[in-house]
Colleague: 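Here it is, the structure in full.
A, B, ... follow the sequence lines: proteins, then strands. Residue 1 opens every chain.
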Amino acid sequence: MKISPRRRARVAAAFARLRQLYPDARCELLHEGPFQLLVATVLSAQTTDRMVNQVTPALFHRFPDAESLARAAPEEVEPLLARLGFFRVKAKNIVALARQLVEHHQGKVPADFKALVALPGVGRKTANVVLGVCFGVPEGVVVDTHVQRLSQRLGWTRETTPDKIERELTALFPPEERDLVSHVLIFHGRRVCSAQRPVCDRCGVRDLCPSAGRAEHIGRKKKRA
DNA sequence: ATCCCGAGGG
DNA sequence: CCCTCTGGAT
């Protein structure tokens, strides 16, 4: 993928500003070790990580590792997830996930992208989170709903699907920056550049954003009754 | 009514 | 490409 020096510089300028604005940007899912982060990230689909952090302490107290969770039945895990969206699918997925870890990976989380996405309930986004947070360098930039929305609003991409956006962002940033890119975009997305009511008046990259003041017209389809 | 650190299946 | 799984927050 060829990227013009001008475009690369424009993106780098906004990223540098975001790093200054959010020096503490990091993963906020509570976890101890790769297994717990993998499970927490699977649970985080279409749910705020605040909700995930409300259920994982009890979950990990009872099932702290792959071996213990692999021995559980999905029905005994379900009540522990009951306040999350998709809790039935997620209970089934994390038990199957734990069983595969025990069967094929000695109960450990593989530090390998292809092995990760082969696990039940684990897609590109989850695999990149685990690789980035626990093993230093993700395969590609984590593209969740925030990263998708902000990279579109900031004019970093014109693509509309997570896979294509991931490819573009990964080409825009060197490996050692990719984990931080997703985290600063997520922080900014939660605090300022929200989906429904972005607060451009309080945005630290307003002068670098082509959508400033009209961000509601980018992103997902407008309401318009 | 729309969104939240999505993934699997048709 | 589409649909489904699911509950809480705004």
Colleague: Could you tell me which residues satisfy side-chain hydrogen bond (donor to acceptor under 3.5 Å, both in side chains) with A:His146, sequence neighbours excluded, listed by chain and number?
Modeller: A:Arg149
Colleague: With C1' as the reference atom in both, quote the distance from B:dC3 to C:dC5 in angstrom, rounded to an integer.
Modeller: 16 Å
Colleague: List the residues meeting side-chain hydrogen bond (donor to acceptor under 3.5 Å, both in side chains) with A:Asp207, not counting sequence neighbours, and say none if there are none.
Modeller: A:Arg17
Colleague: Just by modelled atom types, is the A:Leu29 backbone N or O under 3.5 Å from a matching donor or acceptor in the A:Asp49 side chain?
Modeller: no
Colleague: Is A:Thr126 close enough to B:dA7 that one of its side-chain N or O atoms is under 4.0 Å from OP1 or OP2 there?
Modeller: yes
Colleague: Going by the rule salt bridge (charged side-chain N to carboxylate O under 4.0 Å, His left out), which residues pair with A:Glu159 if we only count those two or more places apart in sequence or in a different chain?
Modeller: none
Colleague: Just the endpoints, please: which first and last nucleotides of DNA chain C, 5' to 3', lie under 4.0 Å from a heavy atom of chain A?
Modeller: C:dC1 to C:dA9
Colleague: Compare side-chain N and O positions of A:Arg190 against OP1 and OP2 of B:dC5 and report whether any pair is under 4.0 Å apart.
Modeller: yes
Colleague: Send over the distance from A:Arg149 CZ to B:dG6 P, rounded to a whole Å.
Modeller: 11 Å
Colleague: Mind checking the P distance from B:dA7 to C:dG8? Whole angstroms is fine.
Modeller: 22 Å
Colleague: Hey, are A:Arg62 and A:Glu76 close enough for a salt bridge, meaning a charged N less than 4.0 Å from a carboxylate O?
Modeller: yes
Colleague: Looking at A:Glu67 and A:Lys108, is any side-chain nitrogen of the basic one under 4.0 Å from a carboxylate oxygen of the acidic one?
Modeller: no
Colleague: Expressed as a whole number of angstroms, how long is the span from A:Asn128:CG to B:dA7:C1'?
Modeller: 14 Å
Colleague: If the threshold is 4.0 Å, N to carboxylate O, is there a salt bridge linking A:Arg190 and A:Glu28?
Modeller: yes
Colleague: What residues from residues 25-49 of chain A pass a heavy-atom cutoff of under 4.0 Å to DNA chain B?
Modeller: A:Arg26, A:Cys27, A:Glu28, A:Ser44, A:Ala45, A:Gln46, A:Thr47, A:Thr48, A:Asp49
Colleague: Closest-nucleotide mapping onto DNA chain B: is A:Leu119 or A:Arg50 further toward the 5' terminus? I mean the 5' end.
Modeller: A:Arg50
Colleague: Between C:dT6 and B:dC4, how far apart are the C1' atoms? Round to whole Å, please.
Modeller: 12 Å
Colleague: Counting the atoms with a prime plus P, OP1 and OP2 as sugar-phosphate, which does A:Val122 contact under 4.0 Å by heavy atoms, base, sugar-phosphate, or nothing?
Modeller: sugar-phosphate
Colleague: Reckon A:Pro162 touches a base, only the sugar-phosphate, or nothing at all at heavy-atom distances under 4.0 Å?
Modeller: nothing
Colleague: Planes under 30° and centres closer than 5.5 Å, is that true for A:Phe86 with the base of B:dA7?
Modeller: no
Colleague: Mind listing the residues from residues 93-104 of chain A sitting with a heavy atom below 4.0 Å of DNA chain B? Number order is fine.
Modeller: none
Colleague: Without decimals, in angstroms, what is the distance between A:Gln148 CD and B:dC3 P?
Modeller: 11 Å
Colleague: Tell me the closest heavy-atom pair linking A:Leu97 and A:Pro120, and the distance in Å.
Modeller: N-CG, 3.6 Å
Colleague: For A:Val129, report the nucleic acid contact type (base, sugar-phosphate, nothing); a contact means any heavy atom under 4.0 Å.
Modeller: base
Colleague: Please report, rounded to the nearest Å, how far the C1' atom of B:dA7 is from the CG atom of A:Asp163.
Modeller: 12 Å
Colleague: Can you find a side-chain donor-acceptor pair between A:Lys90 and A:Thr47 that sits under 3.5 Å?
Modeller: yes
Colleague: Using the side-chain heavy atoms of A:Val142, tell me which of these nucleotides is nearest: B:dC4, B:dC3, B:dC5.
Modeller: B:dC5
Colleague: A:Pro34 and A:Cys134: which non-hydrogen atoms are nearest, and at how many Å?
Modeller: CA-SG, 3.6 Å
Colleague: Please evaluate residues A:Val133 and A:Arg26 with respect to the criterion side chain to side chain contact (heavy atoms under 4.5 Å, CB included), reporting the C-alpha separation (whole Å), side-chain torsions for both, the decisive distance (0.1 Å), and the verdict.
Modeller: CA-CA 8 Å; A:Val133 174; A:Arg26 59 185 163 74; over 6 Å; no
Colleague: Kindly assign one of parallel, tilted or perpendicular to the pair A:Trp156 and A:Phe173, based on the angle between their ring planes and the thresholds 30° and 60°.
Modeller: tilted
Colleague: Looking across every strand, which nucleic acid part, if any, lies under 4.0 Å from A:Leu84 by heavy atom: base, sugar-phosphate, or nothing?
Modeller: sugar-phosphate
